Number of protein chains: 2
Amino acid sequence: MSEPAAQQPLAFAALVLALAGELVQGVHERVVAAGFDDLRPAHGFAFARISHGGATTAELAEHLGVTKQASAQLVDELVRKGYVERTPHPGDARARLLRLSERGWACTRAADAAAVAAVAPYQEALGAERFAALVRDLGALDPKGPIRPAW
Amino acid sequence: MSEPAAQQPLAFAALVLALAGELVQGVHERVVAAGFDDLRPAHGFAFARISHGGATTAELAEHLGVTKQASAQLVDELVRKGYVERTPHPGDARARLLRLSERGWACTRAADAAAVAAVAPYQEALGAERFAALVRDLGALDPKGPIRPAW
DNA sequence: ACAGATGGACAAGCAGCTTGTCTATATCGA
DNA sequence: TCGATATAGACAAGCTGCTTGTCCATCTGT
């Protein structure tokens with residue numbers, strides 16, 4: 001073991017933050033390279049929520065941890081750029097159900113492919129078995145899901 | 001194995017981002033609770049750089065990936081709040097060497113303790129051996145170090 | 001039917017970052 | 001030694017993404 005046990009927690013935190021930064025940057029670069037150059041990394045968290053069965057602006061706001069107004073601004077932008085459509089909400093005349101447009105789905109597929117490509121080097125570095133064990137152990141930590149950058 | 005192999009990369013990315021978010025929030029909450037309530041998570045990245053042998057405003061800017069002006073603003077704030085001191089730079093009359101004040105060091109110690117506390121639940125969830133293996137494998141991925149939030 | 005909660009929009013303001021410009025000092029080549 | 005160029009840092013102006021505050025329309029529970 002190369003780390004003194006007392007320093008493992010700090011090393012773990014630093015590694016996770018570093019990896020997260022690299023992943024966000026790597027995915028974003030690939031998504032931009034795929035032609036979706038009018039998006040920013042933060043938009044991905046909105047896509048993830050909307051693609052999962054649709055959402056209202058208020059639900060999105062809570063998911064992202066921002067105010068309704070910030071969420072509405074984000075949605076406005078995504079609608080203006082053609083990634084998201086507002087449809088009437090079945091069963092609530094106040095709300096609008098947000099759905100991904102075809103371009104939105106295309107971007108989501110590109111982002112998934114980008115994530116796979118960004119992770120590939122790590123997968124290779126560890127080998128299939130150790131990588132699988134890593135994913136399993138990370139999953140056992142049961143984080144509450146990627147909400148938003150937040151800092 | 002509960003994950004189909006083809007979905008492991010996406011699961012990995014999602015888990016790392018989720019963990020990073022939880023860690024940042026967990027550390028920040030504890031640092032605030034320790035009395036350093038006039039700081040934001042992003043400041044930690046500046047502390048990390050300055051504490052490591054001091055730095056100039058321009059070096060900090062490059063490390064954080066922002067402009068010199070943004071860096072200078074950040075430093076102004078940290079100086080105003082008593083965490084950082086500007087000292088003359090030995091060997092370059094243009095530059096100022098940034099150093100942590102005693103309060104800055106106290107905050108750094110509190111942040112380290114906060115990180116250890118934030119990671120502790122994960123350590124317990126996996127047990128000492130699996131956690132050590134996790135840290136080892138994450139280290140083998142060799143990320144370039146936590147630079148800044150960036151997204 | 002009415003009171004309170006909730007989805008969403010409009011307006012104003014602020015914090016953190018950007019670009020552009022400037023001075024003082026450092027560095028390098030003739 | 002000196003002149004050209006690069007660099008550290010500061011000043012000014014502006015933009016963007018977020019905030020709070022207010023308002024209306026619609027839903028929900030009693």
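So you know, we letter chains A, B, ... as the sequences are listed, proteins then strands, and number each from 1. Computed from a predicted structure; not experimentally measured.
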Whole angstrom is fine here: how far is it from [atom1] in [X] over to [atom2] in [N]?
| X | N | atom1 | atom2 | value |
| --- | --- | --- | --- | --- |
| A:Glu77 | C:dA9 | CD | P | 15 Å |
| A:Leu64 | D:dT19 | CG | P | 10 Å |
| A:Leu60 | C:dA9 | CG | P | 13 Å |
| A:Lys81 | D:dG17 | NZ | C1' | 12 Å |
| A:Glu59 | D:dC27 | CD | P | 15 Å |
| B:Leu98 | D:dG9 | CG | C1' | 11 Å |
| B:Phe45 | C:dG16 | CZ | P | 16 Å |
| A:Lys68 | D:dC18 | NZ | P | 17 Å |

| message | Any side-chain N or O of B:Arg40 below 4.0 angstrom from OP1/OP2 of C:dG16? | response |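 Answer yes for this pair, as a side-chain N or O of B:Arg40 is under 4.0 Å from OP1 or OP2.
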Next item on the list: Taking only the side-chain nitrogens and oxygens of B:Thr67, find out if one of them lies under 4.0 Å from OP1 or OP2 of C:dC17.
Entry: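 No, outside the criterion.
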- prompt: So, does the side chain of A:Gln69 form a donor-acceptor pair with the base of D:dG17 at under 3.5 Å?
  reply: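 No such pair is found, so the answer is no.
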How do B:Ala95 and A:His43 order along DNA chain D: which one's closest nucleotide is nearer the 5' end?
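So the residue in question is B:Ala95.
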Under-4.0 Å salt bridge between [X] and [Y]:
| X | Y | value |
| --- | --- | --- |
| B:Arg86 | B:Asp76 | yes |
| B:Arg130 | A:Asp137 | yes |
| A:Arg109 | A:Glu102 | yes |

Side chain of [X] only, heavy atoms from C-beta on: which candidate in [options] is closest?
| X | options | result |
| --- | --- | --- |
| B:Ala58 | D:dG9, C:dC17, C:dA9 | D:dG9 |
| A:Ala93 | C:dA9, D:dG9, D:dC27 | D:dC27 |
| B:Gln73 | D:dT19, C:dA26, C:dC17 | C:dC17 |
| A:Val66 | C:dG7, C:dC17, D:dT19 | D:dT19 |
| B:Asp92 | C:dT25, C:dT18, D:dC18 | C:dT25 |

Which residue lies more 5' along DNA chain C, comparing B:Leu74 with A:His89 via nearest heavy atoms
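In this pair, the answer is A:His89.
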*Which residue lies toward the 5' end of DNA chain C, A:Arg86 or A:Arg94, if each is placed at its nearest nucleotide?*
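By nearest-heavy-atom nucleotide position, the 5'-most residue is A:Arg94.
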| query | Do the ring planes of A:Phe47 and A:Tyr83 sit parallel (below 30°), tilted (30 to 60°) or perpendicular (above 60°)? | reply |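 Answer is perpendicular, since the angle exceeds 60°.
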Checking B:Gln25 against B:Glu29: is there a side-chain donor and acceptor pair closer than 3.5 Å?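 Checked: B:Glu29/B:Gln25 side chains pair up, N/O donor to acceptor below 3.5 Å.
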